[in-house]
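All figures in this text were calculated on a predicted structure; none of them were measured in a lab. Here is how names work: the chains are called A, B, and so on, in the same order as the sequence lines, proteins then strands, and each is numbered from 1.
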Amino acid sequence: MNYQFQFDAVFAAWPLLLKGTWITIQLSLSATLIGLVVAIFCAWGKTSGPGWLRFVINAYIEVIRNTPFLVQLFFFFFALPAVGLRWSPQTAALVAMVVNLGAYATEIIRAGIESIPKGQIEAGRALNLKPWEIFRFVIIKPALKAIYPALTSQFILLMLSSAVVSVISADDLTSVAANLQSQTFRSFEIYIVVAAIYLALALAFSAMFKLIYKRTLNYPDRR
Amino acid sequence: MRTFGFPEFLFILEAAKWTLALSAIAFVGGAILGLIIALMRTSESTWARGVSTTFIQIFQGTPLLLQLFLVFFGAPVLGLDINPWVAAGVALVLNSAAFLGEIWRGCIEAVPRGQWEAAEALSLKYSARMRDVVLPQAFKIALAPTVGYLVQIIKGTSLAAIIGFVEVTRAGQIVNNATFQPLIVFSVVAAIYFAICWPLSLLAGRMERKRAQALAR
């Protein structure tokens, strides 16, 4: 092996890499926030909505969970403009990520709500708590604690799978890498550095989520 | 310009066999390596635990697409001649090994502690303890999540399209470039994945419920 590693060209492009990293973070965070709103609505619809709504939500979840994210992205970016819905790569990427996360998070949230024992809600009523108090203290808080690990690892999975949006040139970190690659031809070095950035992001987010858990949700359970 | 007709449909459908073949490689290779990883993660040697933890962190902490690129662009650097088949195969095997290894670690640890202790008390060696006591029980626990993970592997093979491997997604892109009918083309592509993955998801869900019932009893 007489390959000379040359990282200079990669490190020289650090402002671009930084910008790409920032866009990846922004995309993931905004997709998660909007996706969670979608998921909370769907979880409500699935547990207590009318029959037809349950059917629609179930179909949405099953279709999204059983098809690749790449195909969903192609569908939103190439297929929908053909029927008149035009949008930029960024918007298409965000929509695909929201729709994808929404389906996974719905199942997670539903499982959390179902993990609350009926007796706990009845106990809340017996204590004469108002409905919103029951929702806030008896349902949401313990449910959030139960699903917190699943929800945060879903966020990290989404951030990593967002690398795929580079195929429609959505300016994210992997798109930056692809552009640098075609300018400098140092593909291997570039992808090593970019993979390391993703790894650092994943580890940093997972450490941050653990810290938040310790500070806010780490109260003892009574069973 | 061509329109989307039966031959185009057949072209995409036929590519499904490459999706399935790639999934099979990723699963079999990933299962063998994943079992080793899971055993290393649960072993008593600090060295083995360290190596396997690092392996899992790297492959679960970076995007599958980047892993694919690194194998594809990295192999020529090491002086290896590589085609999309090998690159996709290697990257998917390593990735599935990390995820299966972590899933199976959980299953091995879910075998009640008393079973380990009983095997130790019977002075069984490590290999016998694992082979005859722990793994058979872990296997039962692992069945449902493993079938569930199979769906992730099948969906993951779609990324091989980006390095030019002709499977269902790439076939869809090719047909789309010839017909400019993305709505029908990508609907067909999605439908094929759905037809493969949904039965597996249902099966995994049913196995999960059966186990939960068996445990509740």
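Both the backbone and the side chain of B:Ser187 come within contact range of chain A, with heavy atoms under 4.5 Å apart. Contact annotation for A:Ser166: only side-chain heavy atoms (C-beta onward) come within less than 4.5 Å of a heavy atom of chain B. A:Val164 touches chain B through backbone and side chain together, each having a heavy atom under 4.5 Å away. Using a 4.5 Å cut-off between heavy atoms, B:Ile184 makes no contact with chain A at all. If you measure heavy-atom distances from B:Gln67 to chain A, you find no contacts under 4.5 Å at all. With a 4.5 angstrom heavy-atom cutoff, B:Leu64 does not touch chain A via any of its atoms. The parts of A:Val63 that come within reach of chain B are both its backbone and its side chain, each placing non-hydrogen atoms under 4.5 angstrom from that chain.
One distance of note links OG1 of B:Thr157 with CG of A:Leu70; it measures 10.0 Å at 0.5 Å rounding. One finds the CZ atom of B:Phe72 at 10.5 Å from the OH atom of A:Tyr191 (value rounded to the nearest 0.5 Å). Going from atom CG of A:Asn66 over to atom CZ of B:Phe194 covers 5.5 Å, rounded to the nearest 0.5 Å. Taking CH2 from B:Trp198 and CZ from A:Arg65, the interatomic distance works out to 12.5 Å, rounded to the nearest 0.5 Å. Going from atom OG of B:Ser158 over to atom CD of A:Gln72 covers 9.5 Å, rounded to the nearest 0.5 Å.
Shortest non-hydrogen contact noted between B:Leu70 and A:Ala195 is CD1-CB, 4.0 Å. The nearest pair of heavy atoms linking B:Gly61 to A:Ala202 is O-CB, 3.7 Å. Pairing each heavy atom of B:Pro182 with each of A:Ala82, the nearest pair is CG-CB, 3.9 Å.
With chain A as the partner, the residue from B:Gln152, B:Gln60, B:Lys155 showing the most heavy-atom pairs under 4.5 Å is B:Lys155.
Side-chain contact between B:Phe73 and A:Gln181: present, with at least one pair of heavy atoms (C-beta onward) separated by less than 4.5 Å. Between B:Leu65 and A:Leu160 the shortest side-chain heavy-atom distance does not fall below 4.5 Å. Looking at A:Leu203 and B:Gln57, their side chains come closer than 4.5 Å, going by heavy atoms from C-beta outward. In this structure, A:Phe74 and B:Asn176 have side chains that are not in contact, with every pair of non-hydrogen atoms separated by 4.5 Å or more.
Surrounding CH2 of A:Trp87 are more than 12 heavy atoms belonging to other residues, nucleotides or ligands, all under 6.0 Å away. The 12-atom threshold is not exceeded at CZ of B:Arg2, counting heavy atoms of other residues, nucleotides or ligands nearer than 6.0 Å. Around the OH atom of A:Tyr213, the shell of radius 6.0 Å holds more than 12 heavy atoms that belong to other residues, nucleotides or ligands. Within a 6.0 Å sphere centred on NZ of A:Lys19, heavy atoms belonging to other residues, nucleotides or ligands number 12 at most. The local environment of CD in B:Glu44 is sparse, with at most 12 non-hydrogen atoms from other residues, nucleotides or ligands closer than 6.0 Å. Other residues, nucleotides and ligands contribute only 12 or fewer heavy atoms inside 6.0 Å of the CZ atom of B:Phe139.
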For the pair B:Leu183 and A:Phe75, evaluate side-chain contact (heavy atoms from CB on, under 4.5 Å) and give the outcome as yes or no after the intermediate values.
CA-CA 7 Å; B:Leu183 196 61; A:Phe75 195 86; 3.9 Å; yes

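Here the rule is side-chain contact (heavy atoms from CB on, under 4.5 Å) with B:Leu66, and of A:Leu199, A:Thr174, A:Ile197 only A:Thr174 fits it.
Between A:Phe78 and B:Phe186, the ring planes lie parallel to each other; the angle is under 30°, not in the 30° to 60° tilted range.
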